Peer 1: 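First, the structure itself, so that you have it in front of you.
The chains referred to below are lettered A, B, ... by the order of the sequence lines, with proteins before strands, and numbering in each begins at 1. The structure presented is a predicted model; accordingly, all values stated were derived computationally and were not measured.
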Amino acid sequence: MTDFPILTTIILLPIAGAILVMFLPSRRPELVLPVSIAASLVTLGAVGWLLVEFEAGEAGFQFVEQVSWYSDWGVGWHVGVDGISLLLVALTALLFPIGLAASTGVKHRVREYAASMLFLEAGILGVFLCLDLLVFFIFWEAMLVPMYFIIGIWGGERRVHAAIKFFLYTALGSALMLSGIIFLGLTGGEGGPTFDFVELLGADLSRTTQFWLFAAFGISFAIKVPVFPFHTWLPDAHVEAPTAGSVILAGVLLKLGAYGLLRFNLTLFPEAAVEFVPVLAVLAVIGIVYGAIVAIVQTDIKRLVAYSSVSHLGFVILGIFALTSHGLQGSVLQMVNHGLTTGALFLLVGMIYERRHTREISQFGGLATVMPRYAAAFLFVSFASIGLPGLNGFVGEFFILIGAYLSLPVYAIVGASGVVLAAVYLLWAYQRMFTGPIVVEENRALTDIGFREVAILAPLLALILFLGIYPKPALDRIEPSVNRVLERIEQTTDYEVPEFGTVGP
Amino acid sequence: MIVTPGWYMALAAVLFLIGASGILLRRNALVMFMSIELMLNAVNLTFVAAGRELNLIDGQISVLFVMVVAAAEVVVGLAIIVAVFRRRSTASVDELAELKG
Amino acid sequence: MNLNALAIAPEAILTLAVVVLLLVDVQFHPGHRWWGMAAGLGLLGATTASVLQWVDFRGADGEAFFSGMMLVDGFSSFAGLVVFPLTGLGLMTAWPLVRRLEGRGAEFVTLVLIAATGAHLMAGAGNLLMLFIGLEVFSISLYVLAGFTRDRADSDEAALKYFLLGGLASAIFLYGVALVFAATGSLSINGIGEYLETTVLLRPGILLAGIALLVVGLGFKVSAAPFHVWAPDVYQGAPGAVTGFLASSAKVAGFAALARVLTVALGARIDDWAPAVAVIAAVSIVIGTLLALAQTDLKRMLAYSSVAHAGFILSAVTAGGAGVPDMWFYVATYAVQVLAAFAVASVVSGPATGRSPLTDYAGLSARSPFLAAMLGLMMLAMGGIPVTAGFVGKVAVFRSAIDAGYLWLVITGVVATVAGLFFYLRVIVLMYMQPAAEVPDSQGARLSVPLGVGIALSVAALVTLLAGLVPWPLLEWLRDALPL
Amino acid sequence: MESLVTLAVLLPLAGTVLLALFGRRLPEPFAGVIGTLTVAGSFGCFVLLSLDFFAGTGEAVSVTWFEWFPAFGVDAAFRFDQLSALMTLVVTGVGTLIHVYSIGYMHGDPRFGRFFTYLNLFITSMLILVLAGNFAVMFVGWELVGLCSYLLISFWFERETAAAAGKKAFVVNRVGDLGFLVAMMIVFATFGTFEFGEVFAAAPSVLTTGTATAIGLLLLLGAAGKSAQLPLYVWLPDAMEGPTPVSALIHAATMVTAGVYLVARTGVIFELAPVAAAVVAIVGTATALFAATIAVAQTDIKRVLAYSTISQLGFMFMAVGAAAHVAGMFHLMTHAFFKALLFLGAGSVIHGMHDEQDMTRMGGLARKMPVTFATMAIGWLAISGIPPLAGFWSKDEILGAVFERGGLWTVLWGVGIFTALLTAFYMTRMMWLTFFGAPRWADGVEPHESPRVMTVPLMALAGLSIVGGLVNTPFRTSLEHFLAPAFAAVHLSHPLEGATAWILAGISVVAALAGIGMAALRYRDRIPAEQGLGWRVLGRGYYVDDVYGQVFARSGKLGAAWLAFRFDSRGIDGAVEGVGGLTRRVASWLRPLQTGFVRSYGVTILLGGVALLAWFLSRGAL
Amino acid sequence: MVELVLFVIFGTAALFGAVSMVWARNPVYSAMGLMLTMFSVAVFYVSNAAHFVAVVQVIIYAGAVMTLFLFVIMLIGVDREENRREAIPFHRPVALVVLALFGAGVLVAGRVAWVTGPTTAGEPINGTVEVIGEQLFRKWVLPFEVTALLLIIAAVGAIGLALFKGDREVGS
């Protein structure tokens, strides 16, 4: 633990990079991507340092920096990282250089593109690290703008519609949250208004207040996740977004919602959280099954992956509202896993899209004969996403399901069926795309993925395998923090984590 | 029977109302403008009557200022109307309804 | 009688500038450079005077001068700090028009300066009649400005409508003054305030009627629904270069007057007017947002959005004196944004023309990246996206409203904000995501940005971003801008 | 010892990694050689490890590699006891032979290296499965073998059918795994641990019958998926799309027996849940009969063997269900020998017939490929249950144990006997159609004996099929002693001694002979046209596949399509888009209010004034 | 008593003038009506002791302002009569209702008391020139000065709006 403001640095580095990119000479466009990648790599380096310095087994926030900005409002700069946000920060910092490296397809307005990506990174990191609700919201909302541009300018045919839908839908949610935040900030603090998360933990809110605040925050996060009925913006946004956009969207942005539910709704409004458990558990399970079933029949591979995200995020939500240590650990880990696997999947889809300029599954078939390496990578990631033991996907789902069984047995059992459906839609898609004879002639000429693409995928695949075989390092950092969340809920409400087992720990 | 300032103010209220009705019902810019003048006169009457009741001279002073303002308004207003007339050779505001929606 | 040169220094300086400008112009016809110089010096002087006033009189405990006609305090001096630089920016953006007007340019500049004076008089008036006079000085010059170009029918239609409705509104306002005078036996704002604080009116009928009429008159000036009807037509019809100044200064002056009258003179009656103001705010927000959604003309859209913004600002006023700093923050930043937005319109659609169909803006990012970026920034700011002043302003006013217990108003506000994003985003979509080729009759030629507009826009962008990133010092100052 | 276990697991894994990295570049035989050597190596390790088990001394060895799921107290831990020993020996032993065989069989395949990669990965996974020290690790192996079976079935993925079969196998297995998963949930919820040792130790005191039954049935679901029992057997016949060595190794000898192993391993729980155990036995018996009847009518040589495998697995389930775990494991072992032998033989036949699998186009091959014929004949007699070959002893012990339970179990015994008869019948039918009678080869087919590299494993397996049964005869129950420690906690049911034993044995022998005789008579000289309705129904496997196809695949897809393209995009998304549209429509309704006429504006303003007046006057002036 | 008579007579006159102003088809009549009203109001000023104001009313309003009006009317043309068909649907009824409500509101507000402010002591005010002048140049000097601005606006505005020469963009 040094007192060097590492977290602020991590947030500022991408911004600096973006500004630098903006001022690159406009007649040297080929410099843009390398510079931006370098910037994001520096950020990654800083995050790596953070990972090393982080005290595993510490429950509380670390590397905390706190400065008061405006006492009348009780707003200030308060950043800190704990086991819940640590891995998500790492994931973010990892996915951005990869996404940028995979953006060679972007041809026009490269500078603006790279800049938006870096601003987006800064925004996401800010969301994960900020502990002042108002500042958190600033990052939360500001982040929409670069994403909006990324979808809207560099996206596909119906990009404008998708971009606006994405923007307005999420903005609607956050609008409610904003009023909630202001209300909480004015009423929550003891000595005058405060938006400080840690101070607000002390706020004693009436049951009904908690209920409404939970709803205000919850809807915003649920839209972002997205939880079942609020999910329709996701497929559109994914299909239209450029590859890197989809990678970031699925890899990180969706996690923000789950993170918010875990970080804010569970800790700030514990009573309401306990009340809401049935609602969200039901929605989560519906999401798991529904997303998977809908994914089965998609004809657009990107849409398919998008719906699979709905299903996987359903697991995350189920784990969160299982309100058991195992479930929560599983959820946090599952967020990271989903980021890795789905990120990789979108990269792969992007690679084939660059070659064939179509995402229609029916346009492929028998690719494994011409692109063996690509097929192997795709199958590997698919199995990770299916939740094959030994790959990361399994660990998260295992924790979530068993954790959920302890408190919500029925939901857990129903949710487990998602495991089967995942196999159905992914393997069927793989069968249609990669096996059988080659029917479409264009596909004969396809070239297998080259060194650059392998290099882009390699880190993700490596992590997928590593986290699957040896998740302990990750879990050791997650466990204390989530346990603290549970303890808080147990102290402040009459909820009790279910007792289980006679032999075990 | 003694006439209280209230009577004057009530009368002023009615005058004000009639003036307003001129704006709401007529469409000749000049007449509408006159209606505004009428409303100002009604207000003036109110000022004076109230000033007398309150035994304050301010009421009458106000009237003077209002008159000045009205005079300036008249000049500008008539200038605008003339300008409009010069182009469209009409003073009916119905011709000026292109900006709407 | 307490005479103090500093008390009316801004007005005096500007008037001097006006007189000198006119005399010299009549004598020697020195042309637009001289006008610029005179106006610039006048505004500079006025601003400096306001700064001095700010330094001396910041804080609620202002002083009354000229037997209570002028109040000099943080409130009025801050109004000066906003109005005069704003006027400067307005003139910069209007300069292309001024040069085209040739002979009448001097009159144009003169009227703008006088309007600025009137605006500041409204903010500083300590007497309802004084307030009325300032209001008329301000309005009448704007009537003229709205109809100043004669190359298009829209312009004089705008002028006539503005004039007639303005006349109606000021008559109603004046009637309100008269009734309040009758009810309280005083025209001095502080006097009325004290009277209402100290005595309980057994028969408040006339007073209440007077308040109602005052609110109507002031609501008209700040274009709050349902008194906003003039705004869209006038904004769209008035010359592009004028609209910006018209819209921004009207908001500043109008809200200054509104806040002072409601919180000082009628502070004791807050329980009566606060709910009414809240309702007006909600109606303005909804009407403005909804109608802006349906527009196909940028200036008209901005007009309706300004109605919505009036609603947002009013929701700060519901908190009474406590809300004034938040109101000021929003007013000041919004005035800058709206000025800048109209400045872009005046370049893209022409300084003298009124209409500015949205199709003109398709592919603007290719024709002029600078303008596109500026307009985009302003759209985001008006949409209340963080990192811009618009977000802080919204948070500020919502804070006040929640503090005053108007949660429903805030929820209306945030939902409307999202709906509003739709049309702000649409402009960005047109500029960035739609190549000009796709749209007919959008000349693909690169637009050249006049120097004045460029400077004005850069300043506006700087303010918008700074006030969005580090609003804290500004907010701290504003605590001193209370009218009480 | 620990290090030896580790080594035994790591050897095939190393082979996998090695081949995965360099498999493509290695010249053909080496890849196979590497694969074979690594597996053989691990076989050696297990032999060494098992030595003191044979001696009767020796304790179970536990190895912990690392903490895997700290929150569950789950380690990557292995436990090598007698039961695992038997399984590992079978797996690596048979595995080695099949590796050798594959070198010949896969000769000339473009993805030769890839094949051995998968094969080694399978051996590794299988070892993880059988060595697992807790449910979680076992589940890992359980799923990994499923993966390997997927990869190997669809090894020739250019063939649509192969790819589809692979997917089908994995998905159906997943359904079973769901049961396993839920069972694990309950286990953890009740015990708070996954460690076999702790669970079984605590089970009698902790487990209520209800919970035990639940766990048992769920485990059965998992086992049924993996071991192709009713109703989840459908994937196995299709799995024959894979290369024949795969069918031999995975879908006959090892993987499909995992279910049996699972039930045997968790015997303690089943002991506490008699209902569940009975269900296991019933499912097994039903499957045995069901599959046997289907096997009778198959014309594809590999499908015959596939259904026969299902049927034999049914026998094993019957055994473990009747708590005759030793008998079950015994039959598992012998079946591994002779079924692998039969499959490899069939492979050799197919190889010699230029990939012809239809028995109606064979016949008279005995002369052309004598070694294959000889070895397969042994396998045939063994599976038919002719003493003293392996199959007789194990099957007889199962039937004996079941009969000994008495009561309704006798019915199961009867079915078993009948199934034995059927088994003999269809195996004989297969032998006759293939090797005897007049050649019915397609033109241009030149049958020839397979190379030594393929025949040697055949002979080895033939040898095992002969002597394999002697490890556990009523006279010398050495296997029972060997396994006893592993089943210490379970009350095994033993086949009865004395006269009845002999009678039972006699009955089963008679049944076997009857089956053989009937088939021999029927197919001696000509092939009857088996076209009757019954034959067609049996040939199509009672149309179960078609029904499943209709119910799950087709209507499922229709439902999903409705959900996706109607409910989702019209319903939910429609609502979302609708809100936006509505707002804009309302806006366009409001526009006309702005008429553009000054006087109507005046009305609006005055209206506002009136409203305000009303409000304010209501505040005290009325 | 006198005051009552005056009030009745000139009140009626004022109302008649106002109504006829609104009613008359011809702007000239409207002007005349307005003038009548203004005279009547002037009378009321006198009876409310606002002598100076009354004088100014007559001179400025009835004199200057109305002359200006008549001048413009003549300039624009008297002959043009506006047609009275209402273009906007439901306009007149709505307008009348609103007006009625508005008037009712104000009158109701004042029904009990029109003036509630404190009556300042001392002898009754008398709006003579001296009094007015003293007030104007003492207390009200600032507004008085500011009115100068209004006059500048009037002059400059009139020029700006009416000046047609030297205008590059005349026409349309």
Side-chain angles (χ1 to χ4, degrees), chain B residues 4-6 9-43 46 50 53 70 73-74 76-101, chain D residues 553-622:
Chain B
T4 62
M9 290 174 77
L11 177 67
V14 176
L15 288 176
F16 189 90
L17 198 63
I18 298 174
S21 71
I23 292 177
L24 267 58
L25 297 174
R26 295 299 297 268
R27 63 193 86 174
N28 180 320
L30 276 163
V31 178
M32 297 169 89
F33 189 17
M34 290 187 215
S35 313
I36 294 178
E37 293 302 322
L38 177 57
M39 292 164 80
L40 291 178
N41 269 278
V43 177
T46 317
E53 172 76 8
E73 234 180 29
V74 167
V76 169
L78 289 178
I80 291 175
I81 293 177
V82 170
V84 172
F85 179 77
R86 282 222 200 151
R87 171 173 7 271
R88 308 159 186 264
S89 65
T90 176
S92 161
V93 291
D94 278 16
E95 320 295 321
L96 293 83
E98 289 163 18
L99 302 168
K100 58 164 175 282
Chain D
R554 206 151 154 286
S555 55
K557 261 175 216 161
L558 285 177
W562 179 85
L563 212 56
F565 302 121
R566 284 279 172 288
F567 182 72
D568 197 61
S569 36
R570 296 277 173 77
I572 298 181
D573 199 27
V576 175
E577 304 270 353
V579 173
L582 185 67
T583 331
R584 262 168 285 168
R585 200 166 312 114
V586 173
S588 54
W589 288 336
L590 286 176
R591 279 192 77 177
L593 292 182
Q594 187 86 1
T595 54
F597 292 102
V598 177
R599 53 183 183 286
S600 64
Y601 295 174
V603 172
T604 323
I605 293 176
L606 224 52
L607 195 63
V610 169
L612 282 176
L613 271 174
W615 160 259
F616 278 105
L617 294 182
S618 73
R619 302 278 304 178
L622 295 176

Peer 1: Sort B/A29 into side chain, backbone, both or neither according to what part of it lies under 4.5 angstrom from a heavy atom of chain D.
Peer 2: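 Neither part.
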Peer 1: Select one option (side chain, backbone, both, neither) describing which atoms of D/L606 are under 4.5 Å from chain B's heavy atoms.
Peer 2: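 Looking at D/L606, just its side chain touches chain B.
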Peer 1: Measure distances from B/I23 to the heavy atoms of chain D and classify the residue's part below 4.5 Å as side chain, backbone, both or neither.
Peer 2: backbone
Peer 1: Which residues in residues 592-601 of chain D have any heavy atom lying under 4.5 Å from a heavy atom of chain B?
Peer 2: D/Q594, D/T595, D/G596, D/F597, D/V598, D/R599, D/Y601
Peer 1: Pull out the residues in residues 553-589 of chain D that come under 4.5 Å of chain B, heavy atom to heavy atom, sorted by number.
Peer 2: none
